[in-house]
Protein chains: 2
Amino acid sequence: MDFLKLEDQACFPVYALSRVLTAHYKPILEGIDLTYPQYLVMLVLWEHQQLSVKEIGEKLLLDSGTLTPLLKKLESKKLINRNRSNEDERVVMINLTAGGTALREKAKAVPESFKCSLGLSIEEMVALRDSIKIILERTKQINK
Amino acid sequence: MDFLKLEDQACFPVYALSRVLTAHYKPILEGIDLTYPQYLVMLVLWEHQQLSVKEIGEKLLLDSGTLTPLLKKLESKKLINRNRSNEDERVVMINLTAGGTALREKAKAVPESFKCSLGLSIEEMVALRDSIKIILERTKQINK
DNA sequence: TAAAATTAAATTGTATACAATTTAATTTTA
DNA sequence: TAAAATTAAATTGTATACAATTTAATTTTA
């Protein structure tokens with residue numbers, strides 16, 4: 001096998017699929033005025049209410065260089081608040097505003113719309129998700 | 001299942017894995033002074049010698065907004081030439097320079113280095129690649 | 001065949017990503 | 001406990017991505 005052929009690359013399909021999936025999210029997320037990375041931040045906040053920038057970064061594998069401007073954007077949309085922690089002034093805590101919490105109701109339709117847009121069955125998506133998650137966990141470990 | 005949990009998202013693991021894999025490529029590709037998207041362009045050119053911007057875009061699922069600056073960068077590194085086609089002046093043909101062709105020899109070590117960096121077996125990588133490629137083909141179709 | 005439509009790149013503007021550095025705060029250690 | 005090391009965000013700079021628009025060339029159609 002010639003590993004310098006695009007056809008045989010393992011990384012390219014992942015890279016391309018990531019962009020294809022994000023493109024499928026785009027028109028759906030426009031309905032709630034979020035980009036895909038912004039949606040991911042909202043997802044983890046809907047789950048946890050309050051998280052530091054670092055904790056969000058750990059969950060999404062993003063650093064402050066990416067998150068700081070993104071969080072400022074969510075703040076300007078009045079979906080979150082950013083406050084320095086009193087216990088540790090280095091830490092910036094992110095909280096949902098009432099509007100941010102309320103957005104969850106609208107967002108509930110997103111996964112179903114996404115599924116329809118993609119045209120994959122639930123079973124296929126779950127299979128994809130689980131196989132990728134195994135690889136992701138493995139490669140995250142190695143990276144440390 | 002609550003599809004608004006990060007844990008249950010299908011797209012996030014793909015998005016995260018794509019970035020993890022690209023991060024693994026980074027130190028390896030620095031040895032030949034290429035970014036990952038630049039490496040992909042070189043891969044398709046090593047396979048095809050000459051392609052239009054549009055053809056490269058079709059293979060990599062990238063548009064001219066992404067490719068034009070990237071190709072200008074590869075041109076400034078003297079790896080490729082960009083020339084308007086004589087038959088159709090709208091088309092810009094991309095050719096490898098001697099240096100671009102020669103780089104392939106150095107790049108031959110990249111896939112093996114990548115495999116080692118990742119710590120996955122060939123079998124695991126092939127399985128990942130093939131399962132993702134199936135999904136990618138399906139979702140590309142739907143998008144049209 | 002001339003106007004309309006289409007096509008290929010390039011450009012413009014916005015939004016990530018991320019390495020490297022900086023800043024300020026906190027923790028560790030000699 | 002004061003200096004050194006570490007940590008969390010923010011900042012700076014570079015490199016994608018991609019939608020929307022523009023420009024120039026080509027093709028289609030009335």
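Proteins get letters first, then strands, A, B, ... in listed order; numbering begins at 1 in each.
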Need one value for B:Glu87: base, sugar-phosphate or nothing, where a base atom within 4.0 Å counts as base even if backbone is also close, heavy atoms only.
sugar-phosphate
So does A:Glu124 get a backbone contact from the side chain of A:Ser121, meaning a donor-acceptor N/O pair under 3.5 Å?
yes
Which whole-number value in Å describes the distance from A:Tyr36 OH to C:dT16 C1'?
13 Å
Would you kindly give the CD-to-C1' distance between B:Glu89 and D:dT23, to the nearest whole Å?
14 Å
Choose from D:dA19, D:dT16, C:dT16 the nucleotide whose nearest atom is closest to any side-chain atom of A:Lys26.
D:dA19
Quick one: is B:Tyr15 getting a side-chain N or O under 4.0 Å of the C:dA17 phosphate, OP1 or OP2?
yes
Listed partners of A:Arg84 passing side-chain hydrogen bond (donor to acceptor under 3.5 Å, both in side chains), at least two apart:
none
Need one value for A:Leu40: base, sugar-phosphate or nothing, where a base atom within 4.0 Å counts as base even if backbone is also close, heavy atoms only.
nothing
Without decimals, in angstroms, what is the distance between B:Tyr39 OH and D:dT16 C1'?
18 Å
Distance test, side-chain N/O of B:Thr22 to OP1/OP2 of C:dA17, below 4.0 Å:
no
Using a 3.5 Å cut-off and no angle test, enumerate the donor-acceptor pairs between side-chain atoms of residues 89-99 of chain A and protein atoms at least two apart in sequence or in another chain.
residue: A:Arg90; atom: NE; partner: A:Asp88; partner atom: OD1; Å: 3.1
residue: A:Arg90; atom: NE; partner: A:Asp88; partner atom: OD2; Å: 3.4
residue: A:Arg90; atom: NH2; partner: A:Asp88; partner atom: OD2; Å: 2.8
residue: A:Asn95; atom: OD1; partner: A:Gln50; partner atom: NE2; Å: 2.9
residue: A:Thr97; atom: OG1; partner: A:Lys78; partner atom: O; Å: 2.6
residue: A:Thr97; atom: OG1; partner: A:Leu79; partner atom: O; Å: 3.1
residue: A:Thr97; atom: OG1; partner: A:Gly99; partner atom: N; Å: 3.3
residue: A:Thr97; atom: OG1; partner: A:Gly100; partner atom: N; Å: 3.0

Base-contact (B) and sugar-phosphate-only (S) positions in nucleotides 4-14 of chain D, heavy-atom cut-off under 4.0 Å, - elsewhere:
---BSBBB---
When rounded to whole Å, the CG to C1' distance for the pair A:Leu70 and C:dC18 reads 14 Å
Please enumerate all residues that pass side-chain hydrogen bond (donor to acceptor under 3.5 Å, both in side chains) together with B:Thr22, with sequence neighbours excluded.
none
Nearest-Å distance for atom pair CG/P, residues A:Leu61 and C:dA19
12 Å
Candidates A:Asp130, A:Leu128, A:Ile132, A:Val14 - the one meeting side chain to side chain contact (heavy atoms under 4.5 Å, CB included) with B:Pro13
A:Ile132
Dot-bracket for DNA chain D, 5' to 3', counting Watson-Crick or G-U wobble pairs under 3.5 Å, with [ ] for crossing pairs and | for inter-strand pairs?
||||||||||||||||||||||||||||||
Checking B:Glu105 side chain against B:Ala102 main chain: does a donor-acceptor pair fall under 3.5 Å?
no
Whole angstroms only, please: what is the CG-P distance between B:Leu62 and D:dT16?
10 Å
Here the distance between atom P of D:dA15 and atom CG of B:Leu29, to the nearest Å, is 14 Å
Test ring-ring contact (aromatic ring centres under 6.0 Å, His included) applied to B:Tyr36 - qualifying residues, sequence neighbours left out:
A:Tyr15, B:Tyr25
Scan B:Ile32, B:Asp33, B:Leu74 and name whichever one has a side chain to side chain contact (heavy atoms under 4.5 Å, CB included) with B:Gln38.
B:Leu74
Whole-Å distance, A:Leu21 CG to D:dC18 P, equals 12 Å
Quick check: does any side chain N or O of B:Thr68 sit under 3.5 Å from a backbone N or O of B:Gly65, one acting as donor and the other as acceptor?
no
